[in-house]
Structure formats: C-alpha cells, structure tokens
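Down below is the structure, laid out as structure tokens.
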Amino acid sequence: MADENTTMLLELTGYQLRPEEAQKLLKVFNGNLEQAAEKFFSSDITAVHKLIDGSTPTWDESAFGASRYADDNTNSNVPTFNIDYPIGFDNSRSGANSTAPTRPNSRIGTRPGSALSTHAGDDPMQSIENGQESGVTGNSKPVFGPATQNHYDTASWAMVPVTTASEFIADPVPSKRQREEGQPAILKPSSRFNYFPAMLTILHSIPQFRNALLSPAVSQDDYWVGEEWWKGNPTGQSRITDTAVGWDEARGLDIIYETQRLMAFLDNTDRAYTTIESMLDMDAWKELQAPNLEDPDDDLLRFLVLWSTAYAKQDPDFKIDGVLRSVVNAQQRVESFVLDSTVTKRDGRDTDIYDVLDDTFFPSPDGTASAHIMDISNVLIFRLEGAKQDSNELGCRIPATLYADRYLEKNRHVIQSMFDAMAGHSSQLERIKDQTDRLKYHTPAKRNSKKIDSLKLLKTSMKAFQAPENAEVDPKHAATLSHLQTLYESIESKLATLEEQQKQVQETLDSITNRFKPTIDDGNEALIDLTGTDYPEGQSAQDAMHHPYKLYGVATRRDVIYLLHPDTSSNTPGAKQWWRVQYDNESGTANIIRDKVDQQQVLERATTEAASVLLIYANDAATSEPPLPLPKPLEDFVKKDKLCFLEELQRNHNPSADTSGWVDYGDEAKGTWNRSEDLPPDYNHDWKNISAGEYYNADLKQSEEGLSSATLTPNTEAGEDAGVREMVEVNGGMDAANGLRSDPMDVDAETQRFDTQMVDVKEVPAEETAAQHIEFAQRKGG
C-alpha cells in the first residue's frame, strides 16, 4: 500500500518530487495520501523540502476549527510599521502586527522635496519603518513624510518633474493679459514645474495668511523694480544697502519685500497674472540657507522656511506656531508647514483623505508610535500623490470640509482605545490571509517559477486521468482521479471558509477603524449618517467634527488652479465663487482660460484630474480676520505697474503710440469708460498723450492736494448711466469689512473650453538676464 501511495503521490505532483522525497512526505503525514498531496499543493516547494528534511508539519488543521476571531495574543510574521525612537526614548519596537496589509510605508520620516516641514531648532525625529535607515527631522532634515531608503525612488516622490532653466513658458499677447473685474489674478506657473505659484495664489485668498505675508512690521519707501518685474526681469534703481544689519538679514529682507510685492499685486492688479521668477532669480533666494531643508528644489517648502525665518527676525512678537504652522508630537516636537503623503487605495471600498492621514499619523497597529498634533495651524497645506506612478488620477475622496479632531493630541486616548480594540482582529486577519495564500497558490520546484493556482493545477491533472469516451476505465487511473477530486473539493471548501472568516474579521476591523472618523461631505453621501453603527460613547462621527477646515484652494497640475474668490456679482455679503484658472500653452499661443465652477466640480476634479494634488484648507480664524490695508508704498507700486500695463495696451492698440514693430492684437477694451463725454468734469482728459511717469507724478500731486485719484480700475457703480465707468481709487483693492474688493461686472459670456490637456512646452533659448542691482532698504525703526 505504501508503494502505491508513493506512486500515486508522484503522479499527483507531476513527478516534481523524487520517489524518496515522496516517501518522506508521506511519512510526515503517517502515510495519509490526501494530507501529503494537500500539503504539496498548499505550500511552495521550499517549504515542502524543509518539511521532508526533518521539520515538523506546518499545516495547522486546527485553524479551520478555531473560533472565528483569534485570541488577542496571536502573533504573525507580517512586518510591522514602527517608529525608531530618538535618543532619550525607549528604543524597543512594537511587536504587534500591521492592522492593514495595504497600508503604505510610514509617512513620518524623511524624503527629498516633500514633508510636513519643520523649522529651525527642532529636536531630531527618527523615521517610522521597520528596517529603514534613520532619517531625522530638525537640525538636518525638515520633513514629515515618507522615509528615505534605497528602495525608494527619489524621483517618484517628486510632485512634478523639475525642468531645466532653459525651458520657457510663453506669455499671452497684451490684450489676453488683462484681468476682468471680479476675476482672480494668479501667479504664472513656474518653469520649475511645482506647486509654489499655486500655493502663494491660494494663500493670498486667506486673509490671515495674506496679512502675515504682507509682513506689516517691515516696510520700505519704494518698491518699484522696473516695468518688466511682472515677467521676471526686475531692473529697478540701485539702493543703498543697510549696513546696520547682517548679510543674512539683508537677504531675508529681500525675500520679505518681494513677497509684499506679490501680495499687493494680487490685491488689486489690472493684469491677469505675474510671475514668481523675480524671486527665484534673486541672490537672496539662491544664497540663503533654509534651515533644515534637505531638497533645494522644493520651492514651496523653501519659501515658507525662508520667509518665516526672515520675518521672525524683524518681528519677535510674530506668532507662527498654531497660526501658520502646526506643532506635531511624533515622540518629539516637530514643527510643520506642509504634510506630504501617498494615497494607497483600500481593498473593497473607496479611499478617503482620512485613510491617507491615518497612514501618516498612525503607522503602528497598536498606536504606540502614533503622531498627534499639539498645536494645529489655522491653515493646513497638503500635497498628496497617488501610489501608482503611471496613474492619471489621485483616487482619493476629497471633502469640502476637513475635520482635524482625529489627529489632535487631546484626543489621543480615543485613538489608543481604537487600536486596543483592533489588535486581536488584526492579527487574525493577517493569519487568515497568509493561510489563504498558501492554500490557493502552489510554487513549482523550478527556480524562478511563478505561482500557480492550485485549483487550476488540480483540474488540469484530473483531465489527464479521465478515460476517453467509450474506452475501458483503468482502475489505477480511476483511483488517482478520485483522490484528485477529493483533494480539489477539500481545498475549495477550505478556501470558502477562509474567505468568509476574512470577510467577517475585516467588517469588524472597518467598524472599529471608523470610530471617531468624520464623514466625507463630497456629495456622495450625507454629511452625517444617523443610521450608522452604534459606536461607543464619545467615538461617533459627530464627536470628531468639532474642528472644521474649509477647502480654499486646489492645484491639480502645475498649470491648473481652483480658487475660492469673492463673488462680486452676488448681493449676499461675503459670497464666494469657485474659479478654475488654467494657464494654457497647448494651442501654440499662450492663453488664460477662466471658468466659474461649483464646489462639486472642484471636489471631483481634485481626485480625478491628476495623479497628485495640492490642497489648502483654512478654519474660521484664518478666514474671518480683517484684511490689512496696503501701505502707501505698496499701493504706489501697484498703481505704477497698472500705468505701465496701460501704456503697453495703448502701444498695441494705437499704432501712432509706437509704430516700430507694432502688431495689431485686436480685442479692444470693452465698455464705454474711455469716452470723453462719459468722464467726470475734473478728469484728466490728456492722460492718453502723456507718459506713464508724467501721469504717475500728476496723480501723486492730486493725492497730495487732497483730490480724488483716478486709477485704472473701472467703477460700474458710479453715475446713473450703467454704461459710465468712472476711474476711482479702491484703497489698494481692500475693503476692511468685506475682505478683498473687486467691483462687480458682467463676466465675459463667451464660453471657454473647460477641460484642456497639458502638453510639453517647447524649449527655446532663454533670454539673457538683465543686470540687476541688489536693493536694500533701511530696517524699519532703525
């Protein structure tokens, strides 16, 4: 009988074992042919050989008769995600199992070009990941994001590819560069292809952050740097360097002054956009060392660190933590501007932003290595990227309102109780999945062989032993076929049992994970589901929704931005309107496409339009702060830039103004405000025939004499005739009661194409940079 079983086992396994190996395998299972064959098909060949060479049987039949959920002390070999504690902390690692096999590597670590950024003076923080090299934040690496190790592709973590300095993004013709009333101005996409310009544009729309970036404690008498500043060629007059400050401080002032120019420009410009290239070309930008910044090409993070460091020196009372920057307890203090994370999709359900944040803050299954926010910023900046580099969408549900309660230090005990409840079920789930994988797939003995589906292999084997129709049945083949059929049914039954167990455990885990988790208000479900699971007291969705942050801006590609802007056409005080603005180059001629969109469209495109996204949220404290008025030097800067733009429009609209190389671009200015019969009696009728400088000086003189200043901003509210548009000063574009001011108008009714695909910009030789003078002003009060 033993010889027959050996022969049959050889036939069942396709002679992948030698006769003596088949005999040993049968001996392990006391001659039971079915158990020996089942072990062969449910394990890889290496495990089979170890068993034959003297190991004890590894198949645990008791698993199929065990209780539905494992004991809380059950262990598994699945790698965990742990925190490497810094010096001074307990260096022991958690031995618990991962609660989610699909969870990505920890986000609390370091990586170039991204981070929940830190500032000078941080204590070191080790990375989270079992077996990773230690990456520290603080004095050497200002990051809160994925850990760096050889198996990470640095390029894959970049939000967008960095381009060469020779790449050129064309400007539209002058008539296409004019901002219509009621529309937002933007910062032109950078040739470095990152989210820096989009971030600054969105931050300007949040009053508290805008006020801070205006740096009210710092000022200079004259901000003018030339009429080509808007396109990155500042050529302003030389100024005397303030020798009373150090070199680093003087460079820091340059960063502050340029930031002030950008904020003032976005307040009340007649241009549709300006560029940040003037800042990127500054000596200050190139030479200043950003504290703790590892990646010099991360312009977004570099700016926040440089600006905050520079302004803190000028205003010691300036509060940044808990206002513009968060403080995170990740086993030590981490100061952070930005959170970077990777979207890893969940099995069997939609992935949402809270799943992504969970992967970042709670990488350890038992909660011992969790991070929590001690002092949260009023503005939250996220850079998210899909896990699959070849994907064309983010695949993560983005809410209109984000609630931060789940990640606050004061709610740590709630999260810990959640992990405690998950511990035993997580271990059981991992063991079931491991058993399912070993039973479902077989690895042949041949080196580098791929896994084979065990049931498919058995089906193929059964066909080999089936007698042809009307042929005499071979008793030996019939016996083998019977054994194969029995084995097939046994494996199929056990797989079904494991699948049901896995489903039940996963449902229990999902229920626990969803405790104290806000609902997603993205239009796909109710804000609060009153029919949901009966959670423990204090752990319902409503309990985690006391710290709301509203979405204020999104950037999906380097050339597409979604911006929440004051709605000047609405009669409702404080009304807002979402705009989609695309700086389009694909048609061969640069153009700016503006479309009004609703919130639902913004949320959908945030997750489907690109594989990465910039999200900026703000709370009531950030959005309700009254906007500061522009100081007069900054008002004068914007006014002078308007005059330069007016002259440019004139030259391209009136050949007699400049006949050399003139091209008629068409698109005449709309409206009747330039008709002399519609202008007020004291209006300067001769402005068309004087230079911008003369007009500017005359305007200043009028201001000094207490007369009304005529600017370039049409006012549709003046006069009884709706067609009359009077030139009036708008106080730097700011309204202390209602925020950013932009007079109402009828938006151009021409329908623009909404979805525009981005194409590569043709590379052309870059123009030589004009000689620039380093400009400094005396420190205020000194």
Side-chain angles (χ1 to χ4, degrees), residues 83 99 106-108 115-119 122-123 125 128 137 144-145 206 208-209 319-341 352-382 384 398-422 512-521 527-528 535-552 615-624:
I83 292 180
T99 60
S106 162
R107 302 292 166 253
I108 306 178
L116 197 146
S117 68
T118 59
H119 198 264
D122 292 347
D123 293 327
M125 183 191 76
I128 299 180
T137 61
F144 193 103
I206 301 172
Q208 188 176 59
F209 221 123
K319 187 178 187 302
I320 188 169
D321 289 337
V323 180
L324 310 181
R325 183 177 64 188
S326 297
V327 179
V328 178
N329 178 10
Q331 317 313 316
Q332 68 278 291
R333 178 187 176 93
V334 177
E335 296 168 334
S336 164
F337 281 109
V338 180
L339 171 67
D340 284 331
S341 198
D352 59 53
I353 195 169
Y354 296 108
D355 294 323
V356 178
L357 296 179
D358 283 357
D359 291 342
T360 303
F361 285 92
F362 313 139
S364 175
D366 60 2
T368 56
S370 298
H372 299 269
I373 304 175
M374 298 186 293
D375 197 2
I376 191 166
S377 172
N378 291 333
V379 178
L380 302 178
I381 305 173
F382 301 107
L384 306 184
I398 304 299
T401 306
L402 181 128
Y403 297 90
D405 305 65
R406 187 174 172 91
Y407 310 102
L408 299 182
E409 177 81 12
K410 68 178 183 178
N411 295 321
R412 174 192 285 265
H413 65 286
V414 179
I415 301 301
Q416 188 59 57
S417 68
M418 181 182 75
F419 281 117
D420 292 343
M422 292 169 61
I512 298 173
T513 303
N514 285 330
R515 294 179 185 176
F516 203 65
K517 181 177 180 179
T519 54
I520 303 292
D521 57 335
L527 183 61
I528 297 178
Y535 293 114
E537 183 178 357
Q539 297 186 28
S540 68
Q542 297 92 321
D543 294 321
M545 299 171 69
H546 297 302
H547 292 77
Y549 285 74
K550 298 291 185 181
L551 185 65
Y552 256 72
L615 304 171
I616 297 183
Y617 288 86
N619 64 12
D620 286 342
T623 57
S624 61

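Just so it is clear, the values below take in all heavy atoms, side chains as well, and ignore hydrogens, waters and symmetry mates.
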Quick one, Y354 with L402, criterion side-chain contact (heavy atoms from CB on, under 4.5 Å). Give me CA distance, side-chain angles, the key distance, then yes/no.
CA-CA 9 Å; Y354 296 108; L402 181 128; 4.1 Å; yes
Under 6.0 Å from the ring centre and within 45 degrees of the ring axis: does the NZ or CZ of R406 meet both conditions for the six-membered ring of F516?
no
Quick check: does any side chain N or O of [X] sit under 3.5 Å from a backbone N or O of [Y], one acting as donor and the other as acceptor?
| X | Y | answer |
| --- | --- | --- |
| Q332 | A330 | yes |
| S341 | L384 | no |
| D521 | T401 | yes |
| N411 | L408 | no |
| K550 | Y552 | no |

Nearest 0.5 Å please: distance from the CG atom of D420 over to the CD1 atom of I415.
11.5 Å
Calculate, to the nearest 0.5 Å, the distance between atoms OG and CD belonging to S377 and E335 respectively.
12.5 Å
I want to check something: taking the side chain as every heavy atom from C-beta on, are [X] and [Y] in contact at a cut-off of under 4.5 Å?
| X | Y | value |
| --- | --- | --- |
| I381 | F337 | no |
| F209 | N378 | no |
| S370 | F419 | yes |
| V379 | I616 | yes |
| L380 | S326 | yes |
| I520 | I398 | no |
| L339 | F361 | yes |

Checking side-chain contact (heavy atoms from CB on, under 4.5 Å) between M374 and each of V327, V334, V328, which is the one that passes?
V327
For the pair D543 and K517, find out whether any cationic side-chain nitrogen is under 4.0 Å from an anionic carboxylate oxygen.
no
Apply side-chain contact (heavy atoms from CB on, under 4.5 Å) to Y407 and L357, showing your working.
CA-CA 8 Å; Y407 310 102; L357 296 179; 3.3 Å; yes
Going through the distances and angles, do K410 and I373 end up as a side-chain contact (heavy atoms from CB on, under 4.5 Å)?
CA-CA 9 Å; K410 68 178 183 178; I373 304 175; over 6 Å; no
Ignoring hydrogens, what is the shortest heavy-atom contact between [X] and [Y]? Give both atom names and the distance.
| X | Y | result |
| --- | --- | --- |
| M418 | R515 | SD-O, 4.0 Å |
| Y535 | S540 | CD1-CA, 4.0 Å |
| T623 | A618 | CG2-CB, 3.8 Å |
| P548 | Y403 | CB-CE2, 3.5 Å |

Taking atom types as modelled, find out whether D405 and H546 have a side-chain donor-acceptor pair closer than 3.5 angstrom.
no
Side-chain H-bond candidate by donor/acceptor type, Q539 with S417, under 3.5 Å
yes
For a side-chain contact (heavy atoms from CB on, under 4.5 Å) check, start with the C-alpha distance between I376 and N619, then their side-chain angles and the critical distance, and finish with the verdict.
CA-CA 11 Å; I376 191 166; N619 64 12; over 6 Å; no
